[in-house]
Amino acid sequence: MRFIFSLILSIILFAGCANTTANPTLQHQKDTKQELIKKANSGDVKAMLDLNSIYLFPKTKQGAKLYRKWRETLLQSKNPQDILTFATVYEKEKNIFINGEENYLELLKKAATLGSKEALFLIQEFYVKKGKNYKHKEFRDIEEQITKDANQDTLIKLYDLYNAQYKTKAADRIKELMKERKYTPNLNTQFSILQSLLKERGSEQKIQTINKNILASKNYQLILKTAELFLQKRFLDESLTLYQKALEMKKEADTYYTIAEIYRKKRMLNYTWKSREFEKEINENLHQAMLLDHFEGTKALLKTYYYGKEYSEKYKELEQKLLQHNEGKRALASIYINYDREKREKAYVLLDELASQNNEKAIVELATKANIKSSKNLAAFTKKWQEFILNSNNPALLEKAKKSVHIYKAARFKELRDFRDKILQIQLQEKNIYTIRELYTKYQDKDDRKADKYTQMAIDAGDVFTINSLIKKYRREGSEESINKAIELYTILSDRGDITATNRLADIYYFGINGNKDMVDIKKAIIFMEKAYNPQDTYTLKKLAKLYMLDKELANLTKAKPYIAELIKQGYAKEVFNLTWKLDKRKQTPVKDILDLYKLAGEAGQTEAFYAIGWSYYVQKDYTNTIKYLEKAAQKYNINALVMLGNLYINGEGVEKDITKAIEYYELADDNTHALYNLGYAYASLNDYKQAIYYYKRSGRKNNQMANYALGEIYKNGYGVKQNFQEAIKYYKRADTKEAYEQIKRLEKSIQK
């Protein structure tokens with residue numbers, strides 16, 4: 001009998017091998033790769049995506065180069081959806097491309113300018129997940145664009161994004177916006193609230209209320225989403241009820257299987273895994289999953305029946321049924337291979353049947369998981385489908401097969417090791433970047449010759465990830481030779497347009513590297529900064545402005561002005577003011593240039609700049625412009641400007657003396673210690689000592705020495721109060737000045753007499 005079965009098996013194998021090369025799907029793929037490239041070159045986005053999914057094209061040297069070219073084409077497109085679809089490739093493979101992350105963001109921004117709300121949301125998602133690596137002003141601008149005329153579901157989606165990334169203040173803004181617009185809480189709102197409640201203690205009642213509302217709805221997707229959420233948070237009973245509700249609405253194999261798994265978890269949590277509790281529920285749901293051709297469900301049910309003696313008849317009955325379903329056959333084969341040695345050869349016949357129908361999972365399993373040394377017939381199956389995969393011209397299938405050959409299994413079986421090596425060679429011929437990475441990683445600490453070979457291949461293929469990994473290694477080593485190699489690799493990336501690498505070179509020449517200052521060369525640093533500069537890079541923008549304004553050797557206001565203008569445009573007026581103030585202190589730049597810079601910052605909202613302009617004109621005795629700019633600053637309640645205006649009016653300097661007007665300015669700045677002192681002085685000038693004492697004391701409590709000295713004078717001389725030497729001494733001591741202590745000595749002598 002055994003001999004007959006082997007004979008039949010050999011005939012099947014022969015027939016199968018004869019048909020391998022005539023596979024129509026794979027022949028079609030051989031013919032279409034160049035056609036797809038041709039279509040993609042003409043702007044066909046679907047062809048670009050097909051090249052990605054079928055041929056893993058972006059992962060190859062040729063593909064990476066063409067996708068960079070197609071990105072430029074897409075940036076000229078007027079179709080936002082095409083741009084977004086293409087952007088998904090850049091997002092997934094961003095560490096292959098030079099400036100991959102920046103290019104992905106550029107594609108999103110282009111789609112957003114064409115009116116895509118989805119692109120706006122993806123930009124915001126990018127910024128939120130990047131943490132601090134975004135500009136606050138742009139972040140808020142995009143939020144305003146998203147929320148403008150947004151419906152409730154959009155606001156909920158944005159709220160969930162912020163909440164998930166712990167952006168509490170931003171989430172609160174969206175919550176307040178929903179209140180302002182008087183949106184009535186709907187089921188999506190309640191789901192969003194539920195997510196927050198599940199993180200808190202003592203919210204059980206609220207959780208159950210929302211759960212009941214969602215259960216009562218007829219929203220299948222929401223019920224399923226809520227069930228998944230409860231399962232994730234280990235609310236098994238609530239999750240089970242929701243999944244059962246979902247089943248009433250739609251019979252899905254995954255839902256049946258998940259319910260069976262929930263019952264299994266409940267049994268485990270009750271420490272009754274050896275008992276028969278929930279057995280009926282588990283088996284019934286697995287059975288339903290099996291009827292819908294669910295692989296995992298079928299496999300679990302088979303395993304239960306196989307080990308349960310009372311299920312022997314059901315197991316036989318189930319075997320016959322499963323021969324009618326593809327996933328059933330695969331599950332049956334899995335049980336035969338792992339648990340039923342007598343039927344192992346039959347398992348491979350089943351898998352071979354599926355593989356001959358282009359079932360990729362069966363193809364990969366036969367090629368990579370068969371026990372090669374168990375029999376010649378089974379080895380023939382493995383060899384047949386290995387050859388099929390190697391000749392398939394199907395990069396996706398090759399990659400799946402390679403991943404399926406686990407390292408430990410390849411170490412045990414030479415045939416599998418050889419098969420994996422052949423896949424690697426095919427991928428290397430295609431210059432698959434991920435394969436080059438894999439081989440570089442494998443040999444970097446074992447075989448320098450091979451590691452250098454794959455390093456060079458990675459550099460040639462333009463693999464940013466591997467080059468950066470190598471740079472990190474050289475920087476860790478820290479020797480002069482290693483540092484020079486790191487700089488050489490940075491330079492290669494920089495020459496190819498990599499902004500990050502160019503910025504790293506700028507930093508090396510600006511700060512040094514690994515604590516070594518010998519590399520510092522500011523002139524070189526600024527060359528790389530200018531090369532890397534783009535308006536979105538605020539770090540480099542600020543650095544260039546600072547160098548061209550303040551560096552002793554490089555200072556050049558003409559070169560600085562474009563960067564200053566960009567800082568102003570992006571809302572960094574304070575940065576411009578601070579740089580100008582430092583430049584002003586040096587007294588080496590013409591006053592007109594300093595004033596122009598202050599005016600730029602002032603008109604952009606930095607009111608301290610108007611005060612600085614007023615002070616500059618005051619020094620020049622130009623009182624008309626002094627008053628003009630101080631009043632501009634005072635309109636925004638700039639404290640220094642208010643105090644200075646009060647001083648001008650109280651002293652009659654450049655204006656007619658007017659103590660009442662001076663008091664008005666001081667009172668607007670009355671929280672300022674100098675303004676409080678000056679108010680005291682103004683009221684004392686008007687002989688209103690009650691008010692004078694009130695303001696002097698407020699200023700004195702802020703440790704203003706002049707205010708405390710003035711109070712000492714008032715109590716010593718009895719101005720508006722009863723003369724009191726002890727009070728006078730108290731305030732003189734608080735003044736803590738040489739003159740104050742001299743007054744104390746005189747008063748103490750008077751008291752002793």
Side-chain angles (χ1 to χ4, degrees), residues 59 61 64 68 93-105 129-134 431-534 536-544 546-547 551 554:
K59 296 180 181 180
K61 179 182 177 182
R68 286 194 290 272
E93 307 293 353
K94 53 182 172 280
N95 65 1
I96 282 180
F97 301 113
I98 295 286
N99 306 323
E101 206 167 68
E102 292 83 357
N103 291 336
Y104 168 64
L105 194 57
K129 290 181 178 179
K130 275 288 162 185
K132 294 181 180 179
N133 297 330
Y134 61 80
K431 296 188 177 173
N432 184 294
I433 291 170
Y434 278 70
T435 301
I436 296 169
R437 282 183 195 174
E438 181 184 334
L439 291 168
Y440 160 72
T441 304
K442 178 180 178 180
Y443 292 111
Q444 64 175 328
D445 297 320
K446 297 177 182 177
D447 188 326
D448 289 342
R449 186 180 62 81
K450 287 185 178 179
D452 288 343
K453 171 187 172 183
Y454 295 119
T455 296
Q456 193 53 52
M457 288 181 73
I459 293 169
D460 182 53
D463 179 21
V464 180
F465 180 85
T466 302
I467 297 172
N468 278 320
S469 297
L470 198 56
I471 288 169
K472 287 176 185 176
K473 177 189 171 187
Y474 288 144
R475 291 191 66 161
R476 280 196 304 270
E477 289 174 359
S479 67
E480 184 178 346
E481 182 184 0
S482 294
I483 293 300
N484 287 333
K485 285 180 179 179
I487 290 172
E488 184 181 338
L489 290 173
Y490 273 138
T491 305
I492 288 171
L493 289 176
S494 176
D495 290 344
R496 292 174 181 173
D498 189 294
I499 294 171
T500 302
T502 308
N503 275 322
R504 293 288 179 273
L505 286 168
D507 285 343
I508 287 168
Y509 290 116
Y510 189 83
F511 298 109
I513 186 170
N514 291 6
N516 183 357
K517 299 289 184 181
D518 293 341
M519 299 294 300
V520 172
D521 185 331
I522 301 300
K523 288 183 179 178
K524 274 190 178 180
I526 208 165
I527 289 169
F528 285 109
M529 284 181 194
E530 288 185 326
K531 184 178 177 181
Y533 169 72
N534 70 77
Q536 306 302 318
D537 180 8
T538 54
Y539 172 80
T540 305
L541 175 61
K542 291 175 183 179
K543 189 70 73 181
L544 284 166
K546 182 180 179 181
L547 283 169
D551 187 88
L554 297 168

Rounded distance [0.5 Å steps], [atom1] in [X] versus [atom2] in [Y]:
X	Y	atom1	atom2	answer
Asp507	Tyr490	CG	OH	9.0 Å
Lys517	Phe511	NZ	CZ	8.0 Å
Arg475	Ile513	CZ	CD1	4.0 Å
Thr502	Asp495	OG1	CG	8.0 Å
Lys542	Met529	NZ	CE	14.0 Å
Arg504	Thr500	CZ	OG1	6.0 Å

Taking the side chain from [X] and the backbone from [Y], do they hold a donor-acceptor pair closer than 3.5 Å?
X	Y	value
Asn103	Asn99	yes
Ser482	Gly478	no
Asp460	Gln456	no
Lys524	Ala506	no

Item to complete: List the steps and the verdict of side chain to side chain contact (heavy atoms under 4.5 Å, CB included) for Tyr474 and Ile483.
Response: CA-CA 6 Å; Tyr474 288 144; Ile483 293 300; over 6 Å; no
Practice prompt. Go through the steps for Lys431 and Asp463 under the test salt bridge (Lys or Arg N to Asp or Glu O under 4.0 Å), then give the verdict.
Written response: CA-CA 11 Å; Lys431 296 188 177 173; Asp463 179 21; over 6 Å; no
Any [X] side-chain heavy atom under 4.5 Å of [Y] side chain:
X	Y	value
Thr466	Ile436	no
Phe97	Val464	no
Leu505	Ile487	yes
Lys543	Leu547	yes
Arg496	Ile467	yes
Tyr510	Ile522	yes
Ile508	Phe528	no

Discussion item. Salt bridge check, Glu438 against Lys442: does any charged N sit closer than 4.0 Å to a carboxylate O?
Written reply: no
Worksheet item: Do the charged groups of Lys523 and Asp551 touch, with an N to O distance under 4.0 Å?
Response: no
Discussion item. On the six-membered ring of Tyr434, is Arg437 placed so that its NZ or CZ lies under 6.0 angstrom from the centre and within 45° of the ring axis?
Written reply: yes
Within a radius of less than 6.0 Å around [atom1] of [X], do more than 12 heavy atoms belonging to other residues, nucleotides or ligands occur?
X	atom1	answer
Lys473	NZ	yes
Lys531	NZ	yes
Lys453	NZ	no

Determine the minimum heavy-atom distance between [X] and [Y], stating which atoms define it.
X	Y	value
Ser494	Ala501	N-CB, 4.0 Å
Ala64	Ile433	CB-CD1, 4.2 Å
Ile499	Ala532	CG2-O, 3.9 Å

Worksheet item: Under the criterion side chain to side chain contact (heavy atoms under 4.5 Å, CB included), which of Asp445, Asp447, Thr441 is the partner of Tyr443?
Response: Asp447
Worksheet item: Step by step, would you call Phe465 with Ile96 a side chain to side chain contact (heavy atoms under 4.5 Å, CB included)?
Response: CA-CA 6 Å; Phe465 180 85; Ile96 282 180; over 6 Å; no
